[in-house]
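Structure record follows, encoded as structure tokens.
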Amino acid sequence: MTRSVAWCLLLAAGTALAADDSARAQLEQRIQLTARLIGDAGTGQRIAASGNARASAHLDEGRVHQANAEQALAAGDLDTARREVDEALRHIGQARRLAPDSQGRQAAARRRYEQRLETLERLMQAWPAPVPPAGSDNADAEDRMVATTMLLDARRLAGNDRHDEALQQLDVAETRVQAGMNRRLHQRTLDYSARASTPIDRFYEALARHEGLIELVPVALAELKPGPDARTLVERYADTSRRLRQQAVQRQQQGDLSPALADLENALLYVHRALAATGLALPAPLE
């Protein structure tokens, strides 16, 4: 055997040994993780308390296969250890599915309920309640009444730890709120016909208009879902609008009414730009 051939054989053997070491390390890790799953006290107590005979049987089978995997690994029989740990994982998985963590599921449902409720309450606050003209259909009033009723029912159910049912009520409320907000968001005309006669009246009128429009920004973002670039632009315009409004209020409080009005007009311009960037069409700010 030549020296080069011997060197190649030695290198191949070393590579094979390294591969075996890596495979063994990975298998050891799987067996250790499976041992933690099977030995978890909470899981064992939950399965025992469930009274599910099949779940208990799967857990027992998993323990047997886990013990076999550990013995095979100690004996260097990696193939057998791998098969046994796979079986152990399969059985513990079946046992956990047959005896689910109801407490954890309820906690998750409670978190979802709290998040959904908070979102809907913000939307309700941003949803104006206009007075309809005489003799007209008031779809907003009907949607608002149903949404309010569903929110009350959801709170009652959540108070009794029935969060899954409470979430169903929130689904109905959300549908009604979205219907009302969509009507609001797609409205093309706003009534600004009653014009103020003095500069201070114009200031407070513009301030009220700004407050109403700036509240629509997060709603428009949630409803119209613009892309990342558009969202960045919306947030930039909205931040500029809020800063200008704050500056206008400070100037008005200092008695500088003319520059305060100019700042507020610019604030209105930027909030219109923010809403336009969401995809919402609004009439241009009044001059």
Side-chain angles (χ1 to χ4, degrees), residues 112-132 138-141 143-144 146-148 150-151 170-171 173-196 201-253 259-287:
R112 289 197 305 274
Y113 161 78
E114 291 170 351
Q115 292 168 355
R116 293 277 302 283
L117 179 64
E118 182 180 359
T119 299
L120 281 171
E121 286 177 337
R122 286 201 303 268
L123 288 174
M124 288 288 286
Q125 291 171 2
W127 181 13
V131 178
N138 190 1
D140 274 357
D143 284 335
R144 182 181 293 276
V146 174
T148 301
M150 293 300 101
L151 287 172
L170 293 185
D171 286 339
E174 183 178 26
T175 299
R176 292 302 185 118
V177 171
Q178 286 179 348
M181 291 307 302
N182 280 333
R183 281 193 296 272
R184 172 66 175 172
L185 288 172
H186 293 92
Q187 184 179 0
R188 292 300 189 266
T189 59
L190 298 176
D191 184 10
Y192 294 142
S193 57
R195 304 304 303 275
D201 287 341
R202 288 200 299 272
F203 177 83
Y204 284 115
E205 179 192 76
L207 192 65
R209 286 165 53 196
H210 182 273
E211 289 175 353
L213 290 173
I214 200 70
E215 287 178 351
L216 287 179
V217 173
V219 180
L221 285 171
E223 290 291 330
L224 302 178
K225 298 178 175 59
D229 292 341
R231 180 177 287 269
T232 299
L233 193 62
V234 170
E235 292 171 351
R236 185 187 309 157
Y237 284 149
D239 288 343
T240 300
S241 181
R242 292 186 187 98
R243 286 196 298 270
L244 286 166
R245 177 188 182 279
Q246 183 178 7
Q247 183 173 294
V249 170
Q250 290 172 349
R251 284 182 166 176
Q252 185 270 331
Q253 290 172 348
L261 271 169
D263 286 338
L264 203 47
E265 288 170 0
N266 284 328
L268 282 167
L269 178 63
Y270 274 98
V271 74
H272 272 78
R273 289 177 178 174
L275 289 168
T278 68
L280 175 64
L282 284 174
L286 294 178
E287 301 295 337

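Just so you know, these numbers use all the heavy atoms, side chains as well, and skip hydrogens, waters and symmetry mates.
In this structure a side-chain-to-backbone donor-acceptor pair under 3.5 Å is present from His272 to Leu268.
Across all their heavy atoms, Leu170 and Leu151 have their closest contact at CD2-CD2, 3.6 Å. Annotation for Ser241 and Tyr270: closest pair CB-CB, 3.8 Å, computed over non-hydrogen atoms. Contact between Ala277 and Pro226 at its shortest, heavy atoms only, is O-CB, 4.3 Å. Across all non-hydrogen atoms, the minimal contact from Leu261 to Arg202 is CD2-C, 4.0 Å.
Side-chain atoms of Arg116 and Glu174, non-hydrogen and from C-beta on, do get closer than 4.5 Å to each other.
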Pairs under 3.5 angstrom only: tabulate donor-acceptor contacts from the side chains of residues 228-238 to other protein residues two or more places apart or in another chain.
{"residue": "Thr232", "atom": "OG1", "partner": "Pro228", "partner atom": "O", "Å": "3.0"}

Open item on the list: Would Leu207 and Val249 count as a side-chain contact (heavy atoms from CB on, under 4.5 Å) here? Give the steps.
Closed with: CA-CA 9 Å; Leu207 192 65; Val249 170; 4.0 Å; yes

Open item on the list: Between Thr240 and Arg243, does the side-chain contact (heavy atoms from CB on, under 4.5 Å) criterion hold? Intermediate values first, please.
Closed with: CA-CA 5 Å; Thr240 300; Arg243 286 196 298 270; 3.3 Å; yes

- [ ] Could you walk me through whether Leu264 and Arg245 pass the side-chain contact (heavy atoms from CB on, under 4.5 Å) test, one step at a time?
- [x] CA-CA 5 Å; Leu264 203 47; Arg245 177 188 182 279; 4.2 Å; yes

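For Gln115, there are no side chain to side chain contact (heavy atoms under 4.5 Å, CB included) partners, not counting sequence neighbours. Annotation: side chain to side chain contact (heavy atoms under 4.5 Å, CB included) contacts of Pro259 (sequence neighbours excluded): Arg251, Asp256.
Between atom CG of residue Asp239 and atom CG of residue Leu244 there is a gap of 11.0 Å, rounded to the nearest 0.5 Å.
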